[in-house]
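Single-structure report; data block below.
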Amino acid sequence: MNNYKLVAMIPARLGSRRIVKKNIRYMLDKPLIQYPIDFALNSNRFESIWINTESKELGEACKRFGINFHERPAELANDKATNRDFVYEFLKNHDCDYVIMINPTSPTLRQETVNGFIDFVQEHDYDTVMSVISNQTEAIFKGEKINFDGSDKIPNDELEPIEEIVWAMTAWKKDTFIRLQESGQCPVFGGKLGTYPIPKDESADLDNEEDWRIAEGVLLARSTEDTREKKYMDL
């Protein structure tokens with residue numbers, strides 16, 4: 001295993017529109033922003049952990065959890081700022097080999113999945129590592145069959161899986177990201193790309209109230225699965 005210097009970055013604009021102030025809204029028993037903070041702290045794998053936000057109030061509040069506050073410039077605090085912009089600004093100001101972004105909008109992650117992702121980064125030498133969902137199902141893009149030829153119906157478990165990018169966790173090698181950004185290329189998917197499949201029930205992405213209800217339902221189901229008696233029909 002490599003010994004890369006890893007820092008965690010948790011992006012958290014306070015001025016979200018589709019779910020108002022979602023990062024400080026409670027999901028079950030704690031605010032949404034605490035989920036990625038807990039994942040990062042409990043992994044014990046980072047040199048440092050940072051919340052990246054334009055909000056001084058949120059940044060100072062999160063310092064109480066034992067993490068650091070990176071104040072995002074005002075020009076990167078609007079809806080048009082992308083992770084390409086704010087990751088570049090962050091990397092220009094922090095010493096590391098990789099930054100690992102843990103997204104607050106993915107509260108259904110499990111700790112062992114987060115730890116596995118970080119270990120995967122250390123075990124390889126990718127420039128970019130993305131969390132994905134691996135789906136073994138027939139896929140069509142613009143009318144073209146991707147992973148099947150249509151000559152016969154074959155079982156799904158024999159299909160070549162397709163991978164859907166989810167933004168629960170992403171790792172970028174600092175030197176590669178900066179080099180590509182400054183040369184005018186897109187660094188978000190840049191360099192040698194690795195993927196790390198995560199379970200479907202951990203791939204929540206909170207864009208709207210429906211997503212919020214689904215994620216909350218997943219967490220509620222998990223909280224009762226160990227105590228729920230399983231009953232089956234007698235056949």
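Numbers here are sequence positions counted from 1.
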(request) Considering non-hydrogen atoms only, spot the tightest contact between Leu180 and Cys186 and give its length. (result) CD1-O, 4.3 Å
(request) Indicate yes or no: at least one non-hydrogen side-chain atom of Val87 is less than 4.5 angstrom from one of Met9. (result) yes
(request) Hey, could you give me the CD1/CG distance between Ile165 and Leu193, rounded to the nearest 0.5 Å? (result) 6.5 Å
(message) Keeping Asp127 on the side-chain end and Gly190 on the backbone end, is there a donor-acceptor pair under 3.5 Å?
(response) no
(request) Apply salt bridge (Lys or Arg N to Asp or Glu O under 4.0 Å) to Arg72 and Glu54, showing your working. (result) CA-CA 5 Å; Arg72 187 182 303 190; Glu54 84 289 357; 5.4 Å; no
(message) Just verifying a value: how many Å separate Phe39 CZ and Gln34 CD, rounded to the nearest 0.5 Å?
(response) 10.5 Å
(request) Would you please test Lys192 and Asp125 for salt bridge (Lys or Arg N to Asp or Glu O under 4.0 Å) and show each step? (result) CA-CA 8 Å; Lys192 184 181 177 184; Asp125 188 34; 5.9 Å; no
(request) Could you tell me whether Lys200 and Glu164 make a salt bridge, using a distance below 4.0 angstrom between a side-chain N and a carboxylate O? (result) no
(request) Run the salt-bridge test on Asp97 and Lys173 with the 4.0 Å N-O cut-off and return the result as yes or no. (result) no
(message) Tell me the closest heavy-atom pair linking Thr53 and Ala12, and the distance in Å.
(response) OG1-O, 2.7 Å
(request) With the side chain counted from C-beta on, respond yes when Phe177 and Tyr88 share a heavy-atom pair under 4.5 Å apart, and no when they do not. (result) yes
(message) Just verifying a value: how many Å separate Arg45 CZ and Phe117 CZ, rounded to the nearest 0.5 Å?
(response) 12.5 Å
(request) Can you see which heavy atom on Asp152 is nearest to which on Asp149, and at what distance? (result) N-OD1, 4.4 Å
(message) Under a plain distance cut-off of 3.5 Å, with no hydrogens placed, do Glu163 and Ser134 share a side-chain donor-acceptor pair?
(response) no
(message) Quick check for you: to the nearest 0.5 Å, what is the distance between Glu112 atom CD and Asn42 atom CG?
(response) 11.5 Å
(message) Assess, by modelled atom type and distance only, whether the side chains of Trp172 and Thr170 contain a donor and an acceptor separated by less than 3.5 Å.
(response) no
(message) So which atom in Glu158 and which in Gln136 form the shortest heavy-atom distance, rounded to 0.1 Å?
(response) N-NE2, 4.3 Å
(request) Would you mind reporting whether Phe86 and Asn52 have side-chain heavy atoms less than 4.5 Å apart? (result) yes
(message) If we count only N and O atoms by modelled type, under 3.5 Å, do the side chains of Asn103 and Ser106 hold a donor and an acceptor together?
(response) no
(message) Can you tell me how far apart CD1 (Ile214) and CD (Glu209) are? Round to the nearest 0.5 Å.
(response) 11.5 Å
(request) Please check if atom CD in Glu160 has more than 12 non-hydrogen atoms from other residues, nucleotides or ligands closer than 6.0 Å. (result) no
(request) Begin with the C-alpha distance, continue with both residues' side-chain angles, and end with the deciding distance and a verdict on salt bridge (Lys or Arg N to Asp or Glu O under 4.0 Å) for Lys92 and Glu182. (result) CA-CA 11 Å; Lys92 292 291 284 186; Glu182 293 182 349; 3.0 Å; yes
(request) For the residue pair Glu202 and Thr113, confirm or rule out a side-chain donor-acceptor distance under 3.5 Å. (result) yes
(request) Report the distance from atom CZ of Arg84 to atom CG of Leu76, rounding to the nearest 0.5 Å. (result) 13.0 Å
(message) Any heavy-atom pair between the side chains of Ile51 and Ile33 that's under 4.5 Å?
(response) yes
(message) Under a 3.5 Å distance rule, please check whether Asn23 uses its side chain to pair with a backbone N or O of Arg13 as donor and acceptor.
(response) yes
(request) Specify the closest pair of heavy atoms between Val166 and Ser203, including all atoms of both residues, with the distance to one decimal. (result) CG1-CB, 4.1 Å
(request) Inspect the contact between Glu138 and Lys145 and indicate whether a charged nitrogen and a carboxylate oxygen are less than 4.0 angstrom apart. (result) no
